[in-house]
Amino acid sequence: MAINTDKLKELLNKQRFILNYSRMWPYVKPIWFRALCSMLICIPIGSLDAVIALALKPYMDLVMVEKSIASPWYIPLGIVAFTAIQGLLKYLSSYLSTWVGMRITNGLKFDLYKKLLTLPTSYYDKMNSGDVVFQFNNMADNACSGLLNNLSVFIQRIFSSISLVAVLFYNSWQLALIAVVVLGCAFAPVANIQKRIKDVMSKAMAADSTIITAYNETYNGNKTITSYNLSDSQINKFSTILNNIFKMRIKMVQKTQWLSPFMHVIVSVGIAAAIGYGSHLIMSGKITSGNFVSFITALILLYTPVKNIGNNLNSVQMSFFAIEKIFEKLDMIPAIRDKQDAKTLERSHNVIEFKNVCFEYNKNVPVLSNINLQVNKGQTIAFVGNSGGGKTTIVNLIPRFYDIKSGSITIDGIDIRDYTLQSLRENIAVVFQDNFLFSGTIKENILLGNPKASDEMIDKAVKMAYLDDFVTSLKDGLNTQIGERGILLSGGQKQRVAIARAFLKDAPIIILDEATSALDNKAEAVVQKAIDNLMKDKTVFVIAHRLSTIQNSDKIVVINQGKIVEIGNHEELLSIEDGAYKTLYNMQFKKQEAKV
C-alpha cells in the first residue's frame with residue numbers, strides 16, 4: 001500500500017505540536033491557579049456580549065412596537081451595569097494574562113539561557129550574535145505573550161459565540177441555521193493557513209535576527225567604522241536588511257490578510273440572507289420585530305470579531321512556530337558533554353600527553369595532524385610557528401573548547417573526555433590575547449577566578465599581577481566600574497586584571513595564548529613580570545609571538561601547517577642548521593636590530 005507522504009508529515013507535525021504543548025506544563029504548573037483564573041474570567045466576559053442583544057427583544061416589542069408600557073428604566077441601567085462588570089473582568093483578565101505570560105516567558109528564557117551555556121565553542125563560531133539573541137530571548141517573548149493574549153481573546157470569543165448563537169436560536173431557529181452555516185464557511189480556509197505561512201515565518205525570523213547583529217556589530221565595531229569611514233557602507237548594509245524584513249512582512253500579509261476581506265464578504269452574505277429571510281418571517285408572523293432586532297444585533301456581534309480574525313492569525317501562528325523552535329533548542333544535545341560515568345580530575349597531575357591527535361573545524365579540512373607531545377608536571381611548553389599553523393588550536397583542545405577528531409589527550413593516562421567538564425576546567429586557567437571583562441567593577445572581575453576568595457587573597461592576586469599601583473591611584477580602588485568589556489581600561493590593565501583573576505583561580509595548569517602580543521614594550525614588560533609570577537610551580541602552555549619571552553621554556557614546540565616540525569629547548573633548536581625555529585629567531589632578531 002502506497003504511503004501518502006503529505007499526510008504522514010501532517011500527522012507527525014500534529015504529534016509534535018501536541019508534544020510541545022504538553023511540555024509547556026512544567027512552566028505552567030507552579031502558577032496553574034492564576035493561569036486557570038485568567039482563562040476562566042474570559043468565560044463571563046464573552047458570555048456577557050449576549051446581554052445587549054437579549055435585552056433588545058422586550059424593549060422593541062413592548063416599547064417601540066406595541067407601545068404598551070413606558071420605557072423600562074431597568075433595561076438601559078442593566079446594560080450599563082453588565083458592561084461595567086465586563087470591563088472590570090477584562091482588566092482582571094489582562095492583568096492575570098500578563099502576569100502568567102511573563103512568568104512562563106521567564107521560565108523559558110531561564111532554561112534557554114542554561115542551554116546556551118552548555119553549547120560548545122563551535123556553536124558560537126557558526127552563529128551570529130543576532131541569531132543567538134533572537135532565538136534564545138526574543139523567541140520566548142513571541143511564544144508566550146502573543147499566544148496568551150490571543151488565547152484569552154479566543155476564549156472570550158468562543159463563549160461570546162456560544163451565548164450569541166443561543167440568542168440566535170432563541171429568536172429564530174431558521175435564521176440561526178443560516179447564520180451557523182455561513183460561519184462555518186467563513187472558518188473553512190483557516191485550517192490551511194499554517195502550511196502556507198510556515199516557510200515565510202522562518203525567513204521572517206531569520207531576517208529579524210540580522211538586524212540585531214547589525215546593531216551589535218555597530219556597537220562593538222564603532223571605532224573601526226569611524227576610522228575607516230564606513231558609515232555609508234554600513235548604512236547601505238542596514239538598508240538592505242530593512243528591505244529584506246519589509247519583503248518578509250509583505251509576504252506574510254499577502255499570505256494571511258486576504259482572510260479578513262474574504263470573511264467580510266462571507267459575513268455580509270450571511271447578514272443579507274438573515275435580513276431577507278427575516279423579513280419574510282416577520283411578515284408571516286413567525287417572529288416579532290423584537291426577535292428580529294435582537295437576532296440581527298446578536299448576529300452582528302457574532303460576525304464582527306470573525307471578520308477580523310486574520311489580524312490575530314499572524315500572532316497565533318508566530319507563537320506556535322516560536323514554541324516549536326524553542327523546544328528544538330532545548331532538545332539540542334551539546335557535542336561536548338560529560339560521559340555518564342565521567343571521573344573527577346583531582347587538583348594534582350603528573351603527565352599530560354597528546355597521542356596522535358588529529359583535528360578539523362570543517363569536515364575533511366585537517367587543521368592538526370598526528371600531534372604527539374608529553375608534558376610533565378611543572379614544565380613550561382611554548383608553541384611557536386607561522387600564523388595559522390595550529391598553535392591556538394592545540395591549547396584550545398586541553399580545556400575541551402573543541403573535541404579532537406582522532407587520537408587522545410590524556411592526563412595521568414586518562415583521556416580528558418573521561419573527566420567531567422567541571423573538574424577539568426577547574427584545573428585550567430586561561431589568559432587570552434584579548435581577555436573578556438564583564439561590566440562591573442575590577443574586584444568583581446577578579447573574583448570570577450574564585451568567588452569565595454578572601455580580601456587577603458584578592459590583595460595578594462592584585463600585587464602578584466602588578467595591578468596594585470594602578471588600583472591605588474583610582475578613587476574607588478577595586479570598586480571602580482570598568483564599563484562593558486572593560487572599555488575604560490587600557491590593554492595592559494585588562495591583561496593584568498585577567499592575570500589577577502587567574503591567580504585567584506590558582507589552577508595547576510595555565511594556558512597563555514599570546515597574552516602580551518597586543519601590548520607595547522612598556523606594558524609588555526609589566527605584564528610579563530605578572531605572568532612570570534603566575535607561572536611559578538604550574539604546568540604552563542604558552543603561545544608566544546615574541547620568541548624572547550619563551551627562551552627559558554622547558555620545551556619549545558614548533559608548529560607548521562598543523563604538524564610538529566621541531567621540539568627542544570632554546571639552545572637545542574638554535575643548534576639545528578636551517579631549522580624552523582632558528583629561522584624564526586633570526587628573522588625576529590634582525591627586525592629588532594633594524595629597529596634599533
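In this text the structure is predicted, and so the values were computed from the model without any measurement. Start at 1 with the first residue, then count along the sequence.
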So do Val395 and Phe401 actually touch side chain to side chain, heavy atoms under 4.5 Å?
-> no
Backbone N/O of Leu108 and side chain of Asp111: donor-acceptor pair under 3.5 Å = no
Do Thr393 and Tyr361 have side-chain N/O donor and acceptor atoms under 3.5 Å apart?
-> yes
Does a side-chain heavy-atom distance below 4.5 Å link Ile482 with Ile442?
-> yes
Using a strict cut-off of less than 4.0 Å between a Lys/Arg side-chain nitrogen and an Asp/Glu carboxylate oxygen, indicate whether Glu217 and Lys237 qualify as a salt bridge.
-> yes
Counting N and O atoms only, with roles assigned by atom type, does the side chain of Asn445 sit under 3.5 Å from a partner on the main chain of Thr441, one being a donor and the other an acceptor?
-> yes
pair Ile31-Ile104: side-chain heavy atoms closer than 4.5 Å | yes
Nearest heavy-atom contact between Leu40 and Pro44 is O-CD, 3.1 Å
Using a 4.5 Å cut-off on heavy atoms from C-beta on, say whether the side chain of Ser490 contacts that of Gln493.
-> yes
On a heavy-atom basis, the closest approach of Thr121 and Tyr402 is CG2-OH, 3.3 Å
Do other residues, nucleotides or ligands put more than 12 heavy atoms under 6.0 Å from the NZ atom of Lys115?
-> yes
Minimum heavy-atom separation for Pro399 to Ile511, with atom names?
-> CD-CD1, 3.9 Å
CD1-CD1 distance between Ile211 and Ile245, expressed to the nearest 0.5 angstrom | 4.0 Å
Dump the intermediate steps for side chain to side chain contact (heavy atoms under 4.5 Å, CB included) on Thr210 and Asn128, then the final yes or no.
-> CA-CA 8 Å; Thr210 58; Asn128 292 323; 5.8 Å; no
Compute whether any side-chain donor of one residue and acceptor of the other, for Asn106 and Tyr27, lie under 3.5 angstrom apart.
-> no
Run the side chain to side chain contact (heavy atoms under 4.5 Å, CB included) check on Asn396 and Phe359 step by step: do they pass?
-> CA-CA 11 Å; Asn396 281 343; Phe359 176 78; over 6 Å; no
Indicate, with yes or no, if the rings of Phe238 and Tyr215 have centres closer together than 6.0 Å.
-> yes
Greater than 12 external heavy atoms within 6.0 Å of Met102's CE | no
Check the surroundings of atom CZ in Arg103: do more than 12 heavy atoms from other residues, nucleotides or ligands lie under 6.0 Å from it?
-> no
Does the side chain of Val28 reach to within under 4.5 Å of the side chain of Val100, using non-hydrogen atoms?
-> no
Side-chain donor or acceptor of Ser94 paired with backbone N/O of Tyr91 under 3.5 Å = no
Ion pair present between Asp513 and Lys391, side-chain N to carboxylate O less than 4.0 angstrom?
-> no
Give a yes or no answer on whether the side chain of Asp338 reaches the backbone of Leu421 with a donor-acceptor pair at less than 3.5 Å.
-> yes
Does Tyr419 offer a backbone N or O that forms a donor-acceptor pair with the side chain of Lys339 under 3.5 Å?
-> no
Take atom NZ in Lys109; do more than 12 heavy atoms of anything else shown fall under 6.0 Å from it?
-> yes
Side chains of Gln234 and Ser231: is there a donor and an acceptor less than 3.5 Å apart?
-> no
Rounding to 0.5 Å, atoms CD (Gln495) and CZ (Arg501) come to a distance of 10.0 Å
Determine, step by step, whether Ile543 and Leu512 satisfy the side chain to side chain contact (heavy atoms under 4.5 Å, CB included) criterion, reporting the C-alpha distance in whole Å, the side-chain angles of both residues, the deciding distance to 0.1 Å, and the verdict.
-> CA-CA 6 Å; Ile543 296 175; Leu512 304 170; over 6 Å; no
Do the side chains of Met127 and Val132 get nearer than 4.5 Å, heavy atoms only?
-> yes
Is atom CZ of Phe438 surrounded by more than 12 heavy atoms (other residues, nucleotides or ligands) closer than 6.0 Å?
-> no
In terms of side-chain heavy atoms, does Ser129 have a donor or acceptor partner in Asn216 at a distance below 3.5 Å?
-> yes
Looking at the rings of Tyr113 and Phe136, which for Trp means the six-membered one, are their centres under 6.0 Å apart?
-> no
Does the side chain of Lys325 pick up a donor-acceptor pair with the side chain of Gln135 at under 3.5 Å?
-> no
If you take all heavy atoms of Ser38 and Ala35, which pair is closest and at what distance?
-> OG-O, 2.6 Å
Measuring from Leu397:CG to Ile416:CD1, what's the distance to the nearest 0.5 Å?
-> 7.0 Å
For Trp99, look at atom CH2 and say whether over 12 heavy atoms of other residues, nucleotides or ligands are found less than 6.0 Å away.
-> yes
Distance-only, no hydrogens or angles: does the Ser93 side chain make a donor-acceptor pair with backbone N or O of Leu89 under 3.5 Å?
-> no
Can you list the steps and then say if Cys358 with Leu368 is a side chain to side chain contact (heavy atoms under 4.5 Å, CB included)?
-> CA-CA 5 Å; Cys358 297; Leu368 298 177; 5.9 Å; no
Spacing of Lys90 atom NZ and Cys42 atom SG [to the nearest 0.5 Å] | 10.5 Å
Look only at the side chain of Asn244 and the backbone of Ile241, and say whether a donor-acceptor pair between them is shorter than 3.5 Å.
-> no
Check for a donor-acceptor pair, side chain of Thr226 on one end and backbone N or O of Asn222 on the other, with a separation under 3.5 Å.
-> yes
Please check if the side chain of Arg425 supplies one atom and the backbone of Arg400 the other of a donor-acceptor pair under 3.5 Å.
-> yes
N/O donor-acceptor pair under 3.5 Å between Asn236 side chain and Asp232 backbone = yes
Between the CD atom in Glu514 and the CZ atom in Phe432, the distance rounded to the nearest 0.5 Å is 12.5 Å
Identify the two heavy atoms, one from Ile326 and one from Leu112, that lie closest to each other, and give their separation to 0.1 Å.
-> O-CD2, 4.1 Å
Search all heavy atoms of Ile323 against all heavy atoms of Ala143 and return the closest pair with its distance.
-> CG1-CB, 3.6 Å
Is Phe436 atom CZ crowded by more than 12 heavy atoms from other residues, nucleotides or ligands, each under 6.0 Å away?
-> yes
Could you tell me the separation between the NZ atom of Lys363 and the NZ atom of Lys405, rounded to the nearest 0.5 Å?
-> 8.5 Å
